[in-house]
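The structure under discussion appears below in the form of structure tokens.
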Amino acid sequence: MVEFIEDTVNQTCICKSDKLVTDILIEKSNDGFVFFEFRVTKGSVPKELSGKYSSINKAKEAVTAYLNQKSESVAVKRAYFAKSLEERKELNASKHQ
């Protein structure tokens, strides 16, 4: 699932997904043209999303297609397993008392 938080005044869009820990940002390119490009909060932009897009809607379509094919990142899996481990520890601790 992809959630888009769009800011039309600043021409930016934040893309949140449950498959990634970091957010993907769509913002206007600084080269003076009308293109949009991606930026991520941590790390580098995935190779599949590198490049420039003519509109925010085209960039949203690219992000949606990318995230539909991508599996959960290692960081997301690690966080899920850590959370489930903590829940099991709390459940087992309450049984022994």
Side-chain angles (χ1 to χ4, degrees):
M1 183 181 113
V2 183
E3 177 187 355
F4 296 107
I5 303 169
E6 193 168 344
D7 182 7
T8 55
V9 174
N10 296 324
Q11 295 184 349
T12 60
C13 183
I14 300 171
C15 309
K16 296 181 177 276
S17 174
D18 54 354
K19 293 184 177 184
L20 298 174
V21 175
T22 62
D23 295 336
I24 299 175
L25 303 162
I26 303 170
E27 56 189 15
K28 192 153 174 81
S29 182
N30 287 332
D31 58 4
F33 296 104
V34 296
F35 296 111
F36 293 88
E37 57 189 4
F38 291 104
R39 188 171 60 90
V40 291
T41 53
K42 284 185 180 178
S44 59
V45 176
K47 188 172 82 171
E48 294 87 352
L49 295 176
S50 64
K52 298 186 181 198
Y53 297 85
S54 59
S55 68
I56 287 183
N57 290 334
K58 295 283 185 184
K60 284 181 183 180
E61 290 173 8
V63 168
T64 304
Y66 170 72
L67 291 173
N68 284 340
Q69 294 177 356
K70 182 171 177 46
S71 62
E72 291 180 334
S73 69
V74 175
V76 170
K77 290 178 185 177
R78 188 178 301 128
Y80 171 75
F81 288 129
K83 181 181 174 186
S84 63
L85 179 66
E86 288 298 320
E87 290 173 354
R88 286 194 310 259
K89 282 184 181 179
E90 289 177 9
L91 182 64
N92 289 338
S94 64
K95 287 183 181 178
H96 293 296
Q97 293 180 356

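Note that the structure is predicted; figures quoted are calculated from it, not measured. Residues: numbered from 1 along the sequence shown.
When side chains are defined from C-beta on, Leu20 counts as touching Lys70, because their heavy atoms get closer than 4.5 Å.
Of all heavy-atom pairs between Phe38 and Ile24, the closest is CD2-CG2, 3.5 Å. The heavy-atom pair separating Val63 from Val2 by the smallest distance is CG1-CG1, 4.4 Å. In terms of heavy atoms, Leu67 sits closest to Ser17 at CD1-CB, 3.6 Å. When all heavy atoms are compared, the tightest approach of Cys13 to Ile56 is CB-CG2, 4.4 Å.
In this view, Glu27 and Arg39 satisfy the side chain to side chain donor-acceptor pair (under 3.5 Å) rule, not counting sequence neighbours. Partners of Lys16 by salt bridge (charged side-chain N to carboxylate O under 4.0 Å, His left out), not counting sequence neighbours, listed by chain and number: Asp23. Partners of Asn68 under the side chain to side chain donor-acceptor pair (under 3.5 Å) rule, at least two apart in sequence or in another chain, do not exist in this structure. Partners of Tyr66 by ring pair (Phe, Tyr, Trp, His ring centres under 6.0 Å), not counting sequence neighbours: none found.
Applying the ring pair (Phe, Tyr, Trp, His ring centres under 6.0 Å) test to pairs two or more places apart or on separate chains, none has a residue in residues 11-35. Among residue pairs with one or both ends in residues 3-13, those qualifying as side chain to side chain donor-acceptor pair (under 3.5 Å) are Glu6-Lys60, Asp7-Asn10; sequence neighbours excluded. Residue pairs meeting the side chain to side chain donor-acceptor pair (under 3.5 Å) criterion with at least one partner in residues 42-54, sequence neighbours excluded, are Ser29-Lys52, Asp31-Lys52. Listed by first and then second residue, the ring pair (Phe, Tyr, Trp, His ring centres under 6.0 Å) pairs that reach into residues 8-30 come to none, sequence neighbours excluded.
Other members of the cluster containing Leu25 are Ile5, Ile14, with ILVMFWY side chains joined at under 4.5 Å, either directly or via other members. Val34 shares a hydrophobic cluster with no other residue; no ILVMFWY side chain has heavy atoms under 4.5 Å from its own.
Other residues, nucleotides and ligands contribute only 12 or fewer heavy atoms inside 6.0 Å of the NZ atom of Lys58.
Annotation: the span from Phe4 atom CZ to Thr64 atom OG1 amounts to 3.5 Å, rounded to 0.5 Å.
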